[in-house]
Protein chains: 2
Amino acid sequence: MPTSEGSVLRPAVVALDVGGTYVKCLTVDETGVLASDSVPTRAADGPEAAFRVVCEAATAALGALPPTHTAAGIGLAVPGTVDEHRGVCVHSENLGWRELPVVERLAAHTGLPVGFGHDVRAGATAERRLGAGLDAGAPVADQLYVSVGTGLAAALVLDGRLVVSGGYAGEIGHGGATTGLPCVCGGHGCAETVASAAAIARRYTAATGTTVDGARDVLARATDGDAVARQVWDDAVDVLGALVADLVRVTGVAHVVVGGGLIHAGDALLTPLRQAVGELLTVHPEPRVVPAALGGAAGSWGAALLGWQAAGVDLDPVLTGYAELLRPGDGPAGAG
Amino acid sequence: MPTSEGSVLRPAVVALDVGGTYVKCLTVDETGVLASDSVPTRAADGPEAAFRVVCEAATAALGALPPTHTAAGIGLAVPGTVDEHRGVCVHSENLGWRELPVVERLAAHTGLPVGFGHDVRAGATAERRLGAGLDAGAPVADQLYVSVGTGLAAALVLDGRLVVSGGYAGEIGHGGATTGLPCVCGGHGCAETVASAAAIARRYTAATGTTVDGARDVLARATDGDAVARQVWDDAVDVLGALVADLVRVTGVAHVVVGGGLIHAGDALLTPLRQAVGELLTVHPEPRVVPAALGGAAGSWGAALLGWQAAGVDLDPVLTGYAELLRPGDGPAGAG
């Protein structure tokens, strides 16, 4: 749109990736990052406080836009059970949200179109369009994305379309067992009690009484010959292998991207994981199991793409610009 | 098209549901069944012999069309690993087919358009459009279909679209375990070695030395207090429960149709199956687990719908006619 000098303002999107601890805020235009920030979610102060943090982060980012730019839309990625089609956060344990009409409320607050998605599904879309889901420059038609961090969840892209199923698609972290450690979901022995990054640290501490600095620390101890750490790590890989094999058996998809905090372990995770998956598949072709490329920024980039879509902007030139920015080796500068 | 008397010939479809033992052949017009037949597949005589049986069945059905009708298309449903998009049977253990371009060859043989699908996916489509996938007369958007017969496989409909994934979607009967009975696929402990109708009979015979007349016989013995039969039946239900729970956890879909030969057991299967599934789900809403409505004719009706689609005929009036024919209580007359 024209400024007072008659020049044209460039469109921008404010992307919000809401986590249980921080709200990551990424402001982008069609060629790259304008600003990034993160603010504490304040989930402990209750569901409305957390939603207020999101609104305030949007307001601050919009207010900080350079005078050369104008906001075209908002992108919002949220954890938990999220129904993209209805624009509703059905249930987020970490945020305390239940049936919260986040799209309607954030659109009312900002006066802008809001693109909305589940954080893991948004990350999966970003990986598929900009990262580990690219095959010779084109996004794979079918992709499984498994995010292993504090929690554990998957996202399914089949024939180029995200599977949502009312928000319950890919919730593989819970259920499937009846014995084992109690889980936050009320079940027992859920994959999240063994194979999430948080569970790996927790199980090691429970077995040894030693506090550790996350799953990374447990892996370091396993590598140094600590038998308990080795067992905890191997248990996690076994459970993840079974989950990935189940995903492949059900969907038939052969391209698996593993993301979330645990992927920092690299080959210490991927090599035994690929082996475990291979042993559990008989008629299916062995899938490619590849690490995520966007790291902790996948959700933010996914939210940015959702924002552009909501703004009605043609994604192709945007993707071209971002792909250049995010090409392997450069890392997602300013967005982590 | 006009006859010599100037009247118009009515279109018909020849639907072929190819099994390891029989090829079922169903000829339909837009209002119902014109003829049905089944011929031995002769799979033991080799892959080409089996394909010749299919071609001859088509020729015979086309030759037997009443003079009031003209063939508009062929529908073909095939077991194994089937790639609908390429028109190829990738691999069928029972038929000995590998990379067989069935659509191209049957179209060349008949001179007619050929609609092609996996037998379980075709059955799933038929159930969704004409049977247990109808909800207040409309097909559910998302449906899981589990077929438990000689083999064990699933079909996924998500957002109204069948998932194919190169033919590997829903192949839940194989893989997922590394210990247990050897399986035809080369693996061990596959679900098909415990929970298929064939496995139930086989396991009972292996444990007792007593030959039985299929899974139905094992269930009857279990009901009469035979402890081995009870254990074999319960093991099968447990494995099926875990499979259905995995399907629901991965896809998030809450409408599950159970078909195949084992569904003749009715509530003796469904009641404990629903309980097993419910125990394995924590965050997902408990799915509706309902019996298939079309029985052994699901594959034939699915093939018929594929034939109409290949013929370019609008499916809606056809579906209306068939739904009337197949309404609950009437059974799929002439098509089993």
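Throughout, protein chains are lettered first and strands after them, A, B, ... in sequence-line order, and every chain is numbered starting at 1. Fair warning: this is a prediction, and the values are worked out from it, not measured in the lab.
For residues 146-158 of chain B, the interface with chain A (any heavy-atom pair closer than 4.5 Å) comprises B/Leu156, B/Leu158, sorted by residue number. Contacts from residues 241-249 of chain B to chain A, taken as heavy-atom pairs separated by less than 4.5 Å, involve B/Leu243, B/Asp246, B/Leu247, B/Arg249 in sequence order. For residues 81-100 of chain A, a heavy-atom distance under 4.5 Å to chain B picks out A/His85, given by residue number.
By the ring pair (Phe, Tyr, Trp, His ring centres under 6.0 Å) test, A/Trp233 is found to be paired with no residue, residues two or more places apart in sequence or in another chain being considered.
A/Glu171 and B/His284 get closest at one heavy-atom pair: O-CE1, 3.1 Å. Residues A/Gly175 and B/Thr282 come closest through the heavy atom pair N-OG1, 3.4 Å.
The part of A/Val163 that comes within reach of chain B is its side chain, from C-beta onward, which places non-hydrogen atoms under 4.5 angstrom from that chain.
Looking only at heavy-atom pairs under 4.5 Å with chain B, the residue among A/Cys185, A/Gly173, A/Gly170, A/Gly176 that has the most is A/Gly176. Of the listed residues (A/Ala254, A/Ala141, A/Pro285), the one with the most heavy-atom contacts under 4.5 Å to chain B is A/Pro285.
To the nearest 0.5 Å, atoms OG1 (B/Thr251) and CD1 (A/Ile172) are separated by 12.0 Å.
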